[in-house]
Amino acid sequence: MLGMDRIYRIPQFGARVGRSAHPLRVMDRNGTFPARGTATGQRYHTEADARRSLGGGDVAPQGLTVVCCRMSGRGQRDDLKRPVSAMEAYGLGAGVAVDEWRSEIGGGLDFKRKVFLSLRERIGKREIAHLPVAHKDRPTRFGFDWFGHFATQHGGTITVVNQESLSPQEEMVEDWMAVVHAFSCRLYGLRAYRKLIRDAAHHG
């Protein structure tokens with residue numbers, strides 16, 4: 001499965017490649033043999049790193065694995081820690097080696113969010129090969145099937161972890177209120193437009 005790779009904490013990795021943990025940590029810090037990091041800073045290596053360390057070669061990378069966590073309102077900024085921790089636990093437990101962690105605050109109906117636009121652009125350039133998400137509504141409230149098809153067409157995969165608890169119900173209410181507001185404004189505009197036409201016809 002795309003994005004799956006055995007994960008080793010640094011002491012375990014040392015046992016795997018026959019080195020002690022201390023020099024591995026030094027090489028991580030100075031960048032000569034960097035480890036990967038979780039969103040909360042836990043360092044680890046993968047089986048691909050082990051093959052490279054042991055001189056067995058490595059598979060050419062096909063694109064990055066990126067995790068993006070979204071919450072709707074700015075009042076939920078502190079709540080971002082919860083989905084980040086949950087996705088971090090998923091990655092470590094499922095053996096998904098994450099290259100990059102992104103998070104953002106914004107509604108699921110806002111398709112101009114900077115992080116979302118960046119993800120879409122990078123998927124289009126085939127820079128991102130795997131995008132694990134907690135729930136279908138995290139990238140977008142609607143249109144997930146289109147987004148998944150777009151990723152597939154560009155050689156990518158979106159894995160839905162289906163953590164329903166990370167899809168707050170209050171966000172659904174906020175998004176529906178935004179839809180109602182948008183249509184109310186449009187209907188008001190149409191009424192005003194019809195009135196202008198009637199007035200013009202009357203005075204004509």
Side-chain angles (χ1 to χ4, degrees), residues 1-71 76-105 113-135 138-139 151-152 154-163 165-166:
M1 181 178 176
L2 183 63
M4 301 292 287
D5 197 357
R6 184 169 182 181
I7 288 173
Y8 301 94
R9 299 293 176 86
I10 287 183
Q12 297 170 328
F13 184 74
R16 171 73 175 83
V17 299
R19 297 189 179 189
S20 63
H22 178 69
L24 288 170
R25 291 193 174 97
V26 171
M27 288 189 290
D28 177 27
R29 285 195 296 269
N30 64 27
T32 56
F33 196 84
R36 298 173 189 248
T38 67
T40 54
Q42 299 180 64
R43 308 297 288 174
Y44 65 89
H45 286 285
T46 66
E47 182 61 29
D49 294 333
R51 293 195 299 270
R52 188 165 68 251
S53 177
L54 295 170
D58 197 3
V59 178
Q62 300 298 311
L64 301 176
T65 294
V66 178
V67 170
C68 179
C69 299
R70 177 186 67 82
M71 297 301 282
Q76 295 177 303
R77 185 178 297 276
D78 291 340
D79 292 339
L80 264 174
K81 296 176 183 177
R82 185 164 54 90
V84 168
S85 296
M87 292 302 290
E88 182 178 87
Y90 159 76
L92 292 172
V96 176
V98 179
D99 298 292
E100 188 177 325
W101 293 83
R102 303 295 304 273
S103 61
E104 66 177 341
I105 303 291
R113 303 188 319 267
K114 289 183 179 179
V115 173
F116 174 73
L117 289 175
S118 173
L119 290 174
R120 192 177 68 180
E121 180 181 349
R122 292 169 67 193
I123 289 172
K125 293 179 179 178
R126 297 179 182 265
E127 294 176 6
I128 296 176
H130 189 199
L131 185 69
V133 297
H135 193 262
R138 293 302 84 193
T152 300
H154 293 84
T157 297
I158 300 178
T159 299
V160 179
V161 180
N162 252 341
Q163 299 192 38
S165 63
L166 301 182

Partners meeting side-chain hydrogen bond (donor to acceptor under 3.5 Å, both in side chains) with Arg120 (sequence neighbours left out): none
Could you tell me which non-hydrogen atom of [X] sits nearest to which non-hydrogen atom of [Y], and how far apart they are?
X      : Y      : result
Pro34  : Gly31  : CD-O, 3.5 Å
Pro139 : Arg113 : O-NH2, 2.6 Å
Ala134 : Val160 : O-CG1, 4.4 Å
Ala97  : Thr46  : CB-CG2, 3.5 Å
Ala35  : Asp28  : N-OD1, 2.9 Å
Tyr8   : Arg6   : OH-CD, 3.4 Å

Arg126 (side chain) donor-acceptor with His154 (main chain) under 3.5 angstrom: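 Checked: pair present.
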Backbone of Val66 reached by a side-chain donor or acceptor of Asp99 within 3.5 Å: no
[Y] and [X], any side-chain heavy atoms less than 4.5 Å apart:
X      : Y      : value
Arg9   : Gln42  : yes
Cys68  : Val115 : yes
Thr159 : His130 : yes
Pro11  : Arg25  : yes
Trp101 : Thr40  : no

How long is the gap from [atom1] on [X] to [atom2] on [Y], to the nearest 0.5 Å?
X     : Y     : atom1 : atom2 : answer
Arg16 : Ile10 : CZ    : CD1   : 16.0 Å
Phe33 : His45 : CZ    : NE2   : 5.5 Å
Glu47 : Phe13 : CD    : CZ    : 8.5 Å
Leu24 : Arg29 : CG    : CZ    : 11.0 Å
Ile7  : Leu92 : CD1   : CG    : 5.0 Å
Thr38 : Met87 : OG1   : CE    : 13.0 Å

Short N-O contact, Glu104 and Arg102, less than 4.0 angstrom: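 Salt bridge between Glu104 and Arg102, a charged N being under 4.0 Å from a carboxylate O: no.
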Under-4.0 Å salt bridge between Asp49 and Arg52: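 A salt bridge is present here (some side-chain N lies under 4.0 Å from a carboxylate O).
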Within 6.0 angstrom of Arg43 CZ, more than 12 heavy atoms from elsewhere: yes
